[in-house]
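All residue numbers refer to positions in the sequence shown, counting from 1.
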Amino acid sequence: MSMAPDAPTARVAIVLVNWNGWRDTVECLSALFGSDALAQADIWLVDNQSTDGSVEHIQQWCARPTAAADRRRLDGVRYAGTEPVAYQLWQANGQPAPQPAGVQLHIVRSGANLGFAGGNNVGIAAAGLHRYTHFWLLNTDTVIAHDALAPLLARAAAASQVGMVGSTLLFHAQPGTVQALGGGAFDAGAMRMSHLGELKPADQLPRGAAAVMAVEAQMAYVVGASMLVSAAFLRDVGPMCEDYFLYFEELDWAYRARGRYTLGWAPDSRVYHRVGASSAQVQGEFSLNLLYRNQVRFAARFLPERLPALKRKLAGELLGHVLKRRWMPARVVARTLADAARLAAPERRA
């Protein structure tokens, strides 16, 4: 592993993935352009083949940045003014995009809806691993405090083995309440992930090095809504696995890095998150299908000894759904069980 760069010398690519959510995306961009982050960062915004005219709306915002009438005032957030934002539009081709002078916003058309992992991988490839020391993967339904990047870089610079760092995520609708302290824990027996510190008051965050270490000791993954990843980590571990599409890709990434890199939390990096907004377009049966099937995918890759117990658990859930006449989830679980053998050895596309 290479030595971690000092925070002041770091160069960061901020990677955003938009899919039919341009309203949230322009607020996210406005907070980024009003922040301190762009002193050492560029923005790589990937559009995952939106059908709502997202790219055109974002281009219109760049020409004349305006604030939404209902924009919430959030502590520490500074929004951009009305000066036009220079940008370039790029069609993804797997290669680094050019970087015109004076342009910090790069809009990348992915060409398809590649999901969370695939969209971020496109952004990282377009930005170019050789150009940046870190990649800040940030959901488009987030709004950052103006100083949110510096603590992430400071935690990453503290030790070379820290490969991913998470922010303190706060609920956008309840900014005094924690969504996650950087990441989450994973219960392998129940195949269940849970965010650390969820619903705790934001003014009662753990303080001091010992408290931070105690939180990090419980982290099995970094929440993807705000995830700083080092270029060294990406070179050693590789990109996110795309066949999850949604759910479990963050945990997969962390598991692949075990023994080589650790996970960090930067308490003073505050990011406000509209929970579920960026995935709200993926609803109902499709979303539930991914959740169940990805449990099997993940268990097969990292916890194969848990597969028989997981199948028994799913069979019990199927029976419960049938008895309560919940036919949609019953269909999803039944399909997952029927496909379990194939899902246990899926093709890795990344």
Side-chain angles (χ1 to χ4, degrees), residues 19 113-118 139 141 166 169 171 177-181 183-200 218-225 240-256 258 263 273-350:
W19 184 67
N113 185 4
L114 304 175
F116 175 76
N139 275 16
D141 59 358
L169 294 174
F171 290 105
T177 304
V178 170
Q179 182 203 2
L181 303 180
F186 175 59
D187 180 344
M191 292 298 293
R192 183 179 299 117
M193 293 176 283
S194 57
H195 292 170
L196 297 173
E198 189 167 17
L199 301 181
K200 290 186 179 295
Q218 302 174 66
M219 290 175 66
Y221 62 95
V222 173
V223 177
M240 273 193 273
C241 185
E242 296 180 15
D243 58 3
Y244 291 99
F245 191 84
L246 187 68
Y247 307 128
F248 278 86
E249 61 271 85
E250 301 137 311
L251 186 63
D252 178 286
W253 220 7
Y255 260 63
R256 284 160 53 201
R258 286 180 302 172
L263 309 178
H273 187 203
R274 285 188 177 90
V275 178
S278 61
S279 59
Q281 308 291 337
V282 186
Q283 288 284 1
E285 189 165 348
F286 178 70
S287 179
L288 192 63
N289 182 65
L290 287 171
L291 184 61
Y292 275 112
R293 296 166 85 83
N294 287 346
Q295 288 183 39
V296 178
R297 287 190 170 104
F298 180 84
R301 288 174 181 166
F302 301 103
L303 302 165
E305 72 282 359
R306 293 293 311 161
L307 272 174
L310 175 58
K311 291 177 184 178
R312 290 193 297 271
K313 172 178 171 288
L314 293 177
E317 291 189 27
L318 173 58
L319 179 60
H321 290 316
V322 170
L323 291 174
K324 295 181 180 179
R325 298 178 178 272
R326 295 193 295 244
W327 304 121
M328 185 273 281
R331 286 195 306 271
V332 170
V333 179
R335 284 199 302 264
T336 302
L337 285 167
D339 291 346
R342 181 179 61 82
L343 292 167
E347 177 187 358
R348 293 183 74 95
R349 295 187 286 111

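The nearest pair of heavy atoms linking Lys311 to Ala340 is CE-CB, 3.8 Å. Minimum interatomic distance between Met219 and Leu181 (heavy atoms only, all atoms of both residues): SD-O, 4.5 Å. Here the shortest heavy-atom pairing between Ala220 and Leu263 reads C-CD1, 3.6 Å. When all heavy atoms are compared, the tightest approach of Ala299 to Leu307 is CB-CD2, 4.0 Å. Scanning both residues, Ala117 and Met240, for their nearest heavy atoms gives CB-CB, 3.7 Å. For the residue pair Ala344 and Ala300, the shortest heavy atom distance occurs at O-CB, 3.2 Å.
To the nearest 0.5 Å, atom CG of residue Asn113 and atom CG of residue Leu246 are 9.5 Å apart. Considering OG1 of Thr177 and CZ of Phe171, their distance stands at 7.0 Å, rounded to 0.5 Å. To the nearest 0.5 Å, the span separating CZ on Phe245 from CG on Leu114 amounts to 7.5 Å. In this structure, the separation between CZ on Arg293 and CG on Asn289 is 5.0 Å, given to the nearest 0.5 Å. For the atom pair CD of Gln295 and CG of Leu290, the computed distance is 11.5 Å after rounding to the nearest 0.5 Å. In this structure, the separation between CG on Leu288 and OG1 on Thr336 is 8.0 Å, given to the nearest 0.5 Å.
For Asp339 and Arg335, the salt-bridge test fails: no basic side-chain N is under 4.0 Å from an acidic carboxylate O. Under a 4.0 Å N-O distance rule, the pair Glu249/Arg297 does not qualify as a salt bridge.
In this structure, His195 and Tyr221 have side chains that are in contact, with non-hydrogen atoms separated by less than 4.5 Å. Considering only heavy atoms from C-beta on, Arg325 stays 4.5 Å or farther from Val322 through its side chain. Within the 4.5 Å cutoff, the side chain of Pro329 has no heavy atoms near those of the Glu285 side chain.
No donor-acceptor distance shorter than 3.5 angstrom exists from the side chain of Asn294 to the backbone of Phe248, with no hydrogens or angles considered. Between the side chain of Asn139 and the backbone N or O of Asp141, no donor-acceptor pair lies under 3.5 Å.
Judged purely by distance below 3.5 Å, without hydrogens or angles, the side chains of Glu317 and Tyr292 pair a donor atom with an acceptor atom.
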Verify side chain to side chain contact (heavy atoms under 4.5 Å, CB included) between Phe302 and Leu251, making sure each step is shown before the conclusion. CA-CA 10 Å; Phe302 301 103; Leu251 186 63; over 6 Å; no

Give the intermediate values and the outcome of side chain to side chain contact (heavy atoms under 4.5 Å, CB included) for residues Met193 and Tyr247. CA-CA 10 Å; Met193 293 176 283; Tyr247 307 128; 5.7 Å; no

Can you list the steps and then say if Val178 with Leu199 is a side chain to side chain contact (heavy atoms under 4.5 Å, CB included)? CA-CA 5 Å; Val178 170; Leu199 301 181; over 6 Å; no

Let me see the working for Trp327 and Val332 under side chain to side chain contact (heavy atoms under 4.5 Å, CB included), right down to the final yes or no. CA-CA 9 Å; Trp327 304 121; Val332 170; over 6 Å; no

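Other residues, nucleotides and ligands contribute more than 12 heavy atoms inside 6.0 Å of the NZ atom of Lys313. Shown here is Arg326, whose CZ atom has more than 12 heavy atoms of other residues, nucleotides or ligands within 6.0 Å.
Because its NZ or CZ atom is both nearer than 6.0 Å to the ring centre of Tyr244 and within 45° of the ring axis, Arg301 counts as a cation-pi partner of that residue.
In this pair, Phe298 and Tyr255 present their aromatic rings perpendicular. The plane angle is above 60°, beyond the 30 to 60° band.
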